[in-house]
Protein chains: 2
Amino acid sequence: MATDNRNIHRKIGRSTTRTKCPTPFLSKTYDLLEEQEEENNNNNNIKVVSWNGEGNGFVVWCPDEFSEVMLPKYFKHNNFSSFIRQLNTYGFKKVASKRWEFHHEKFQKGCRHLLAEITRKKCEPSVFPTYLNPSKKSTLLLARNNQENTTRQLLMEENQNLKKEKMELQLQIAHFKTLEMKLLQCLSQCVENPHNKTRRLF
Amino acid sequence: MATDNRNIHRKIGRSTTRTKCPTPFLSKTYDLLEEQEEENNNNNNIKVVSWNGEGNGFVVWCPDEFSEVMLPKYFKHNNFSSFIRQLNTYGFKKVASKRWEFHHEKFQKGCRHLLAEITRKKCEPSVFPTYLNPSKKSTLLLARNNQENTTRQLLMEENQNLKKEKMELQLQIAHFKTLEMKLLQCLSQCVENPHNKTRRLF
DNA sequence: GGGAATATTCCC
DNA sequence: GGGAATATTCCC
């Protein structure tokens, strides 16, 4: 089984933006390339995987060996297609027809810090039955959905406003209570010392 | 790495209802129990996992050994918590406080055919796969609809309550204003006629 | 126990 | 290449 220290620091990344970490897939793929680069330099074996010449992408030279030997070291599988699926999820592009060469603007040799800027392509969950064609989706159901969302949105806004108004009213009441106390104090002093007219009320 | 023949027949299950198969998690967990039962019968070692006495549930007697040894044989991990997470996803219930014993109505010794009736709990409002029949679709739609109605209902109730509270607060403020006015009146009278102590304030 | 992000698989 | 189901992880 692949060792899995992933996300050991990602909790930090989730709560703050400045310390965010790349996802396990990106870190591991980068690690894999760095470590294999080491291997490639230390012997003259045929390369399995490497950065490309410009360092702005990488090439899987031997998909079979890559899948059987390297993938299980870093991931929980040995399927080339699963690896490719992940690359696609993160927006990598296959840039050659005869080689398994992939590029991503933020995936470059020597630039590990860029990894944190790579994001998964978000696929928002479809609310619509698959048997409906796109035009129907965009008219009927989308409209209905929008209407519901709008209603909820309006209710939530009204809710927020009401809470704010409530808070302001409570603040006013607090002020009135303070004022009342002071007035009563003054009154009692006034009654006790009726001649002390120089005393300032507030 | 765990061998993974999962879903080798599930494609059939996706396209028709009559030949549907249980998910890999359920099949594997069932396999695991059957195979371990064999083990338990063939030697006198301490049990790691087994069906319970009634055969209507199972017990993990040794979570550590179970996680380290058995889980990786069937799944892509060795974490007991991930296994538990899956059990919860499928609606299994922990039925003992001192043992790791789990029940599910459709998970019984000798009843592999029942597995196909177990479904994952997560009822996503997102998809209505084509293999669902109309009644199931409408059930899902209704559920989703109900969920939305409930949300709106709750928001509307909260709004009503907030409005009521606001009204009460405004009433309080009105009272405070009257009170303030009266107090100020009294004070001014008091200052003007300091000896008139018999005058009632209110 | 379960929500949600990420990973892996399956299918088109 | 990507949609979607299931699996695994992380977090509350």
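Within every chain, numbering begins at 1; the chains are lettered A, B, ... in the order of the sequence lines, protein sequences first and strands thereafter.
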| field | Side-chain donor-acceptor contact under 3.5 Å, A:Y90 with A:T23 | value |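 Their side chains do contain a donor-acceptor pair, which is all the 3.5 Å distance test asks for.
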Can you check the [X] [atom1] to [N] [atom2] distance for me, whole Å?
X	N	atom1	atom2	answer
B:H77	C:dA7	NE2	C1'	13 Å
A:R120	C:dT8	CZ	P	10 Å
A:F80	C:dT9	CZ	C1'	16 Å
B:K121	C:dG1	NZ	C1'	7 Å
B:K28	C:dT8	NZ	P	13 Å
B:L26	D:dA7	CG	C1'	12 Å
B:F75	D:dT6	CZ	C1'	12 Å
A:Y74	C:dT6	OH	P	22 Å

Tell me whether the centres of the aromatic rings in [X] and [Y] are closer together than 6.0 Å.
X	Y	answer
B:F66	B:W100	no
A:F102	A:F107	no
B:F25	B:Y74	no

| Qualifying residue for side chain to side chain contact (heavy atoms under 4.5 Å, CB included) with A:V49, from A:E65, A:Q36, A:E39 |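 Single side chain to side chain contact (heavy atoms under 4.5 Å, CB included) partner of A:V49 among A:E65, A:Q36, A:E39: A:Q36.
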| Which ones in residues 81-91 of chain A lie close to DNA chain C, meaning a heavy atom under 4.0 Å from one of its atoms? |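 The stretch gives A:S82, A:R85, A:Q86, A:Y90 as the residues lying under 4.0 Å from the strand, ordered by number.
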When you check the phosphate oxygens OP1 and OP2 of [N], does a side-chain N or O of [X] lie under 4.0 Å from one of them?
X	N	value
B:K76	C:dT9	yes
A:N79	C:dT9	yes
A:K94	D:dG1	no

| Which word best sums up how the rings of A:F92 and A:F58 line up, parallel for under 30°, tilted for 30 to 60°, or perpendicular for over 60°? |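 Aromatic pair A:F92/A:F58 classed perpendicular.
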| With a 4.0 Å cut-off, would you call A:K109 and A:E37 a salt bridge? |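 Between A:E37 and A:K109 there is a salt bridge, with a charged N closer than 4.0 Å to a carboxylate O.
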| field | Test item: B:D31 and B:E34 side chains (from C-beta on) under 4.5 Å apart, heavy atoms | value |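 When only atoms from C-beta onward are counted, B:E34 and B:D31 do not touch, as no gap falls below 4.5 Å.
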| request: Mind grabbing the angle between the end helix axes of the helix from C:dG1-D:dC12 to C:dC12-D:dG1? Five pairs an end, 10° rounding. | output: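 Helix axis angle between the two ends: 0°.
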| Got a sec: does the CD of B:E105 have more than 12 other heavy atoms crowding it under 6.0 Å? |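 Atom CD in B:E105 is not packed in, count stays at 12 or less.
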